[in-house]
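Quick notes on the structure that follows.
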Protein chains: 2
Amino acid sequence: MEATRTLVETKGPDKFSVSEACRLAGVSTAAPYRHFGDKTDMLLAVAMDGMERQRMQMEAVVAQHPRGTIDSIAALGELYIQFAQREEGVFRLAFGLTRDHEDRADMTECGQRCFGVVVEEVRRYLNRPAPDGPVMERAFSLWTLVHGMSFLMIDQKLGVMTTPLDIPTLVRENTIRLLAR
Amino acid sequence: MEATRTLVETKGPDKFSVSEACRLAGVSTAAPYRHFGDKTDMLLAVAMDGMERQRMQMEAVVAQHPRGTIDSIAALGELYIQFAQREEGVFRLAFGLTRDHEDRADMTECGQRCFGVVVEEVRRYLNRPAPDGPVMERAFSLWTLVHGMSFLMIDQKLGVMTTPLDIPTLVRENTIRLLAR
DNA sequence: TTCCCCATGTTTGCATTGCTAACATATTTT
DNA sequence: AAAATATGTTAGCAATGCAAACATGGGGAA
């Protein structure tokens, strides 16, 4: 898994090769198949590990702010983007590329726990007794925003921008806007 | 290119194989290399074609609304999402996955033209003489929103949602929110 | 018309990849 | 002590991306 993580970061998830990971780990190319069903399983393992780490960070960040405030919510958004930048490969595996990962119950559950942190903050912010429709809509909108921003950044799509962007400021301002009214 | 497009849609860009495309097109596996440098070049070709088609659609949509209004801007957002749903594979190639496509000038230029349509609408909406910082920031934010939404949808990440979402309404409402103040 | 070139294609070959099968060995369980 | 399990190895297969050498047919120059 360590070798897999390393290669996913350096080469990218799509260029990842089991053989290369084996070479890097110093084992034969058949060794991983004692531990994982196939290549996808290997990647899924590091994806879930990454998501779990991210969730723990999220809870740590939330605890550093008054609960259910613009501050705590914007901090979550910035954390998401930081994760994308810091661990691009793992981030892609965890929050993108679900073509292969389809209908993996454990993966979905893992994501649900992450998203749950955001939902809870939004619920508090909106003063609602339960995570109902409006809460989910706002939480989802906030997610889409940082999700899109993250991918546009790591996919180098900012090349089309003619003026520089201050990402943290943008996250905060848009968080406020998306929560308005 | 037709075979490539077909396979990209059915198997997905990551599972796309040159050999299979050749089989489908009824030519030898070496034939494509007379027309494209390598596999990536083939995919890039259909990506750019897709982007260009999208840009034309964008301009058509804009023309159907009063220029620089919430209506025209929200319509662009919905069109983006529709493209993602209708041509998932090509959409991924065009607006995602730039790990390989790095520093392809023509590709960036093509994207710039697409984004330019949005920028122009936002510029009018904000009554600005030129696409300056504030205009770019709003346009970018709108893009991130629909971009994130599109990918979360095609990547099946909506499985974590516990209430159903009305996407078109969400696009419109969030467009308004992101353009406020 | 004749000739040559060039665009396009083919066959063959090679290294790499994902994965399986058969076999070895060590460690834990009974 | 014996058996079962966990973990590794080597060897092999089919598929892939791509390169090299070899065909060929049609259009412009002579």
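Side chains included, hydrogens not; waters and symmetry mates left out as well; all remaining heavy atoms used. Sequence lines set the chain letters: A, B, ... in the order given, protein chains first and strands last, and positions in each chain run from 1.
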Interatomic distance where NZ belongs to Lys39(B) and P belongs to dA15(D) [whole Å]: 16 Å
Rounded distance (Å) that lies between atom P of dA15(D) and atom CZ of Phe16(B): 17 Å
His35(B) NE2 - dC18(D) C1' separation (whole Å): 15 Å
Phe140(B): partners by ring pair (Phe, Tyr, Trp, His ring centres under 6.0 Å), with sequence neighbours left out: none
Set of residues satisfying side chain to side chain donor-acceptor pair (under 3.5 Å) with respect to Glu173(A), sequence neighbours excluded: none
Aromatic ring pairing Trp143(B)/Tyr80(B), orientation class (parallel under 30°, perpendicular over 60°, tilted between): perpendicular
Selection: residues 21-29 of chain A, any non-hydrogen atom under 4.0 Å of DNA chain D: Val27(A), Ser28(A)
d(CG, Asp14(A); P, dG17(D)) in whole Å: 14 Å
Options dT9(D), dT16(D), dA21(D), nucleotide nearest the side-chain atoms of Ala31(A): dT9(D)
Lys11(A) bridged to Glu20(A) by N-O distance under 4.0 Å: yes
Ion pair Asp49(B)/Arg5(B), N-O distance below 4.0 Å: yes
Whole angstrom value for the distance that separates P of dG8(D) from CZ of Phe36(A): 11 Å
Sidechain-backbone polar pair: Arg53(B) side chain, Met48(B) backbone, donor-acceptor under 3.5 Å: no
Test ring pair (Phe, Tyr, Trp, His ring centres under 6.0 Å) applied to Tyr33(B) - qualifying residues, sequence neighbours left out: none
Span of DNA chain C, from the first to the last nucleotide whose atoms fall under 4.0 Å of chain A heavy atoms: dT17(C) to dC23(C)
Distance-only donor-acceptor hits, side chain of residues 161-171 of chain B, under 3.5 Å, sequence neighbours excluded:
{"unit_1": "Asp166(B)", "atom_1": "OD1", "unit_2": "Thr169(B)", "atom_2": "OG1", "d": "3.4"}
{"unit_1": "Asp166(B)", "atom_1": "OD2", "unit_2": "Thr169(B)", "atom_2": "OG1", "d": "2.5"}

Length of the CE-P vector between Met42(B) and dG17(D), whole Å: 9 Å
